[in-house]
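Before anything else, here's the structure in question.
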Amino acid sequence: MKWRFLLVLPLVGGCALHNGPVPSVPVSETVPSRIESKVLESDAAAADSLPAILPSGRVLWSLQTGLFFPETLHAYSLLSEIDSLPLDPEALSEDLPDPETLDDNRVLSGVGVNPPEDEGKTIVPPAVTYDFPVVENEKVRYFIDYFTGPARKTFTRWMERSGRYLPMMKTIFEEEGLPQDLVYLAMVESGFNPRAYSWAHAVGPWQFIASTGTMYGLESDWWRDERRDFEKSTRAAARFLKQLYVTWDDWYLAVASYNAGAGKISRAIKMYNTRDFWELSRGRYLQTETKNYVPKLLAVLLIAKNLEDYGFHDLEYHSPLSYEVVEVPTSTDLELVAKLCEIDYEEIKDLNPELLRWCTPPGVRNYPVRIPAEKKDIFEEKYSLVPETERANYLRHRIRSGDTLLGLAHKYNVRVQDIKSLNNIRNPKALRIGANLILPRKEGLSSKPLDELRDDYDRTRRRTYTVRGGDSLWSIGRKFSISEKQLRVWNKLGWSNTIRPGQVLAVSQKGAPSQSRATSTAKTGKSAVETSYKVRSGDNLWKIARAHGVGVDQLRSWNNLSTKHVLQPGDRLKIKGTASSEDVRKIVHQVRSGDTLWDIGRHYDVRAREIMDWNNLAENHILRPGERLTILVPSGQKS
């Protein structure tokens, strides 16, 4: 075998899977993007534009880009091979996005677009001055028609949204010596939506994955994700694009590499013996997404520089970012920052999108926080008067083996009831190892930390299973009373039946209520009842919830209260509790040879998970003949 060596080639993959520079490796070992759609040759054209749809109508992802937002990360790649990716439950969510985000996703994904295979005659457009090489041809005109036609409403929103970020982005690109027009690539990547998150776990307006973000100085952990930082991520993208341009000395190849990976473009050049992007895109080797990527950028530039000509009038641009940076010496709640600045909490979150939780990262001194420009003096004056012990009013504790609420209460000097109320804990015995608890340091606090924690908390409750030798999707599905289809969706397996020993699979829906909670009523032989509470002077939701042993979010849900609702003396609140009932009957089942939890559950019309909860069975428990299991069934049900 003849070996050839590359020096340093940045490798990226997918619309947003930017893997960054890789070490010197033989060309024959320079693997393609880890995630490349393997479209069935017999129906390649149809599959290119096929979005995956759940029965409920939720758009999962487009094969062309697979772009999502955090609210809709149903990452099921119908026709992709991604077994090499580790399972990342963080990328899965069952919440629906807002209509605006869903529409962004649809247009960014290119659902239904079908540009011509051949770009036709390429010309340089007249009149307008660009600092990026802009040409026009049939492919470019196709996307001009698309953005000014079917996607006009979405494109209008993107342009209006760009007003917030373009001035800052252009300044950074100029400082880095890049064409300022290239900032519009962020529109092609994310529509300038800071919440953009791809199925490949790429994040932010410039769609970095974690490893490349780290390579370009973007830190990412449980508390923060600087890929969402509009300023830092723009600086990182500028340096990344500059490096790609140095590699190719051609902007179209650099932009295509930002999408497909420099390794992919390098192989295409060798395969077709040309460095002309348009010639490369006529072949079958590059993905449709990459072939459309440069034409989309050129179409965006042509429209953005000629808005009036294309009928975009009276756009309501968002105000440019305007802020000052203050340093907080110790971990500080963002609620406190907002209060001292006399602004809404959400405004602070919008200015600091990299902060994933309710406070600045613990242990990080002099953390820079953005606040409105005109609020710096008043903030610094008031903040200096806040004792260090009152700047961070919550603690995060990750549950370990042996933890109990009573032990945690003693350790952190808080009340058990306060922990239960703030975390909506109904059954203290059902704490899950690895789950996160928020611990209040004093009374009268809000549920903001729990709101910020919720996604992570749900993720930690997702059950996983490590594949063993001899396992199949069918046998695993049977073991956990789920379908093969569910396993494929939750683990992004596509049509592949290949699983490997040691591979970690999700075996429950993300964020689904735990069976221990779902069956707590059955265990105790109780059913729900409702009482009424009359609000008194000085009451707040936190106090009422604590007094009744329920959660603040439960009170809001039962009474349809918004997070901004202000209680008034005399208001009546619904509070749901439990009362004894004899509707549940206990059966003792003696295990026979050949029995499985799935068989037993099927016999009694209950779930295997419920049997495990009722009998405190571990995940790896092996049934033995003669073993006795408790089964709870409705009193009228025959055994």
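Every heavy atom of this structure was used, including side-chain atoms; hydrogens, water molecules and symmetry mates were not. Along the sequence shown, residues are numbered consecutively beginning with 1. Values in this document were obtained by computation on a predicted structure and should not be read as measured data.
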Can you check whether Thr274 reaches Ile269 side chain to side chain, under 4.5 Å on heavy atoms?
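No, too far: nothing below the 4.5 Å cut-off.
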Is Ser266 reaching over with its side chain to a backbone N or O of Ala262, donor-acceptor style, under 3.5 angstrom?
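Not at all, since once roles are kept as given, no pair shorter than 3.5 Å links the two residues.
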Within 6.0 Å of CG in Asn273, more than 12 heavy atoms from elsewhere:
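Open: at most 12 neighbouring heavy atoms sit under 6.0 Å from CG of Asn273.
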Rounded at 0.5 Å granularity, tell me how far OH in Tyr184 sits from CZ in Phe132.
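Answer rounded to 0.5 Å: 13.5 Å.
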CD of Glu354 to CD of Glu219: how many Å apart, nearest 0.5 Å?
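Here the rounded value is 11.0 Å.
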Identify the two heavy atoms, one from Arg164 and one from Leu351, that lie closest to each other, and give their separation to 0.1 Å.
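Shortest heavy-atom separation between Arg164 and Leu351 comes out as NH2-CD2, 4.2 Å.
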Residues Lys139 and Glu117 bridged, charged N to O under 4.0 Å:
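Looking at Lys139 and Glu117, the cut-off is not met.
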To the closest 0.5 Å, what do you measure between CE (Met187) and CG (Asn193)?
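One gets 12.0 Å once the value is rounded to the nearest 0.5 Å.
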Should Asn114 and Tyr142 be marked as a side chain to side chain contact (heavy atoms under 4.5 Å, CB included) after you check the CA-CA gap, both sets of side-chain angles, and the distance that decides it?
CA-CA 9 Å; Asn114 186 27; Tyr142 175 90; 4.2 Å; yes
CZ/Phe155 to OG/Ser162 distance, rounded to the nearest 0.5 angstrom?
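It is 8.5 Å, given to the nearest 0.5 Å.
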Quick one, Asp118 and Glu138 - any side-chain contact, counting heavy atoms below 4.5 Å?
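Counting from C-beta outward, Asp118 and Glu138 never come under 4.5 Å.
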Using a 4.5 Å cut-off on heavy atoms from C-beta on, say whether the side chain of Lys305 contacts that of Asp181.
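Contact flag for Asp181/Lys305 side chains = yes.
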Compare all side-chain heavy atoms of Val369 with those of Val325 and state whether any distance is below 4.5 angstrom.
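Side-chain contact under 4.5 Å: no.
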Between Tyr258 and Phe208, how do the two ring planes meet: parallel, tilted or perpendicular, split at 30° and 60°?
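Plane angle over 60°, so perpendicular.
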Check against side-chain hydrogen bond (donor to acceptor under 3.5 Å, both in side chains), Glu189 and Tyr293
CA-CA 9 Å; Glu189 283 284 345; Tyr293 196 65; 2.4 Å; yes
Check whether any side-chain N or O of Lys291 sits under 3.5 Å from a backbone N or O of Leu280 as a donor-acceptor pair, and report yes or no.
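No, the answer is negative, given that no donor and acceptor are paired below the 3.5 Å cut-off.
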Got Asn259 and Glu289 here, is their nearest side-chain heavy-atom distance under 4.5 Å?
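SC-SC contact between Asn259 and Glu289 confirmed.
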So is Arg157 actually on top of Phe192's ring, under 6.0 Å and inside 45° of the axis?
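Here Arg157 fails the 6.0 Å and 45° test against Phe192.
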Working for side chain to side chain contact (heavy atoms under 4.5 Å, CB included), residues Val467 and Arg500
CA-CA 6 Å; Val467 177; Arg500 301 181 304 277; over 6 Å; no
Go through Tyr465 and Asp471 one step at a time and tell me if the side-chain hydrogen bond (donor to acceptor under 3.5 Å, both in side chains) criterion holds.
CA-CA 11 Å; Tyr465 172 76; Asp471 277 343; 2.6 Å; yes
Could you report the tightest heavy-atom contact between Leu108 and Gly191, atom names first, then the distance?
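Closest approach of Leu108 to Gly191, heavy atoms only: CD2-N, 3.8 Å.
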Ring geometry between Phe230 and Tyr165 (parallel below 30°, tilted from 30 to 60°, perpendicular above 60°):
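Correct class here is tilted.
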Tyr216/Gln243 under side chain to side chain contact (heavy atoms under 4.5 Å, CB included): CA gap, chis, key distance, verdict:
CA-CA 11 Å; Tyr216 286 91; Gln243 182 178 355; 2.4 Å; yes
From CG (Asp229) to CZ (Arg370), nearest 0.5 Å
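Those atoms lie 4.0 Å apart.
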Under 4.5 Å between any side-chain heavy atoms of Arg275 and Trp248, yes or no?
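Yes, at least one pair of side-chain atoms sits under 4.5 Å.
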Using modelled atom types only, decide if a donor and an acceptor are shared between the side chain of Arg152 and the backbone of Gly311 within a distance under 3.5 Å.
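Indeed, once roles are kept as given, a pair shorter than 3.5 Å links the two residues.
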Taking the six-membered ring for Trp, are the ring centroids of Phe173 and Trp206 within less than 6.0 Å of each other?
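Judged by ring-centre distance (under 6.0 Å), Phe173 and Trp206 do meet the cut-off.
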Smallest separation among heavy atoms of Leu218 and Ala236, with atom names
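Looks like CD1-CB, 3.9 Å.
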Answer yes or no on whether Arg357 is positioned over the face of Trp222, meaning its NZ or CZ is under 6.0 Å from the six-membered ring centre and within 45° of the axis.
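Flagged: Arg357 positioned over aromatic ring of Trp222.
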Closest heavy-atom pair and its distance - Val255, Leu182
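Smallest interatomic distance, heavy atoms only, reads CG2-CD1, 4.0 Å.
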Evaluate whether atom CD of Glu308 has more than 12 neighbouring non-hydrogen atoms of other residues, nucleotides or ligands under 6.0 angstrom away.
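Counting neighbours around CD of Glu308, more than 12 heavy atoms of other residues, nucleotides or ligands fall under 6.0 Å, so yes.
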Has Asn306 got a side-chain atom pairing as donor or acceptor with Asp309's backbone, closer than 3.5 angstrom?
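Not at all, since once roles are kept as given, no pair shorter than 3.5 Å links the two residues.
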Atom pair CG (Leu355) and CD (Glu226), whose distance is rounded to the nearest 0.5 Å:
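The distance works out to 9.0 Å.
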Between the main-chain N or O of Gly263 and the side-chain N or O of Arg267, is there a donor-acceptor pair closer than 3.5 Å?
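Side chain of Arg267 to backbone of Gly263: a pair is present.
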Taking C-beta and beyond as the side chain, do Asn137 and Val140 meet within less than 4.5 Å on heavy atoms?
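In contact.
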Lys264 NZ/CZ over Tyr285 ring centroid, <6.0 Å and within 45° of normal:
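Judged by the rule, Lys264 and Tyr285 form a cation-pi pair.
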Starting from the C-alpha separation in whole Å, work towards a yes-or-no answer on side chain to side chain contact (heavy atoms under 4.5 Å, CB included) for Leu302 and Val134.
CA-CA 8 Å; Leu302 284 163; Val134 174; 3.8 Å; yes
Exercise: identify the closest heavy-atom pair between Leu487 and Ala506:
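Reported closest heavy-atom pair: CD2-O, 3.6 Å.
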Considering non-hydrogen atoms only, spot the tightest contact between Pro205 and Ser190 and give its length.
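Looking at all heavy atoms of both residues, the closest pair is O-OG, 3.0 Å.
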Would a 4.5 Å heavy-atom cut-off, applied to side chains only, mark Phe147 and Trp158 as touching?
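Yes, close enough: below the 4.5 Å cut-off.
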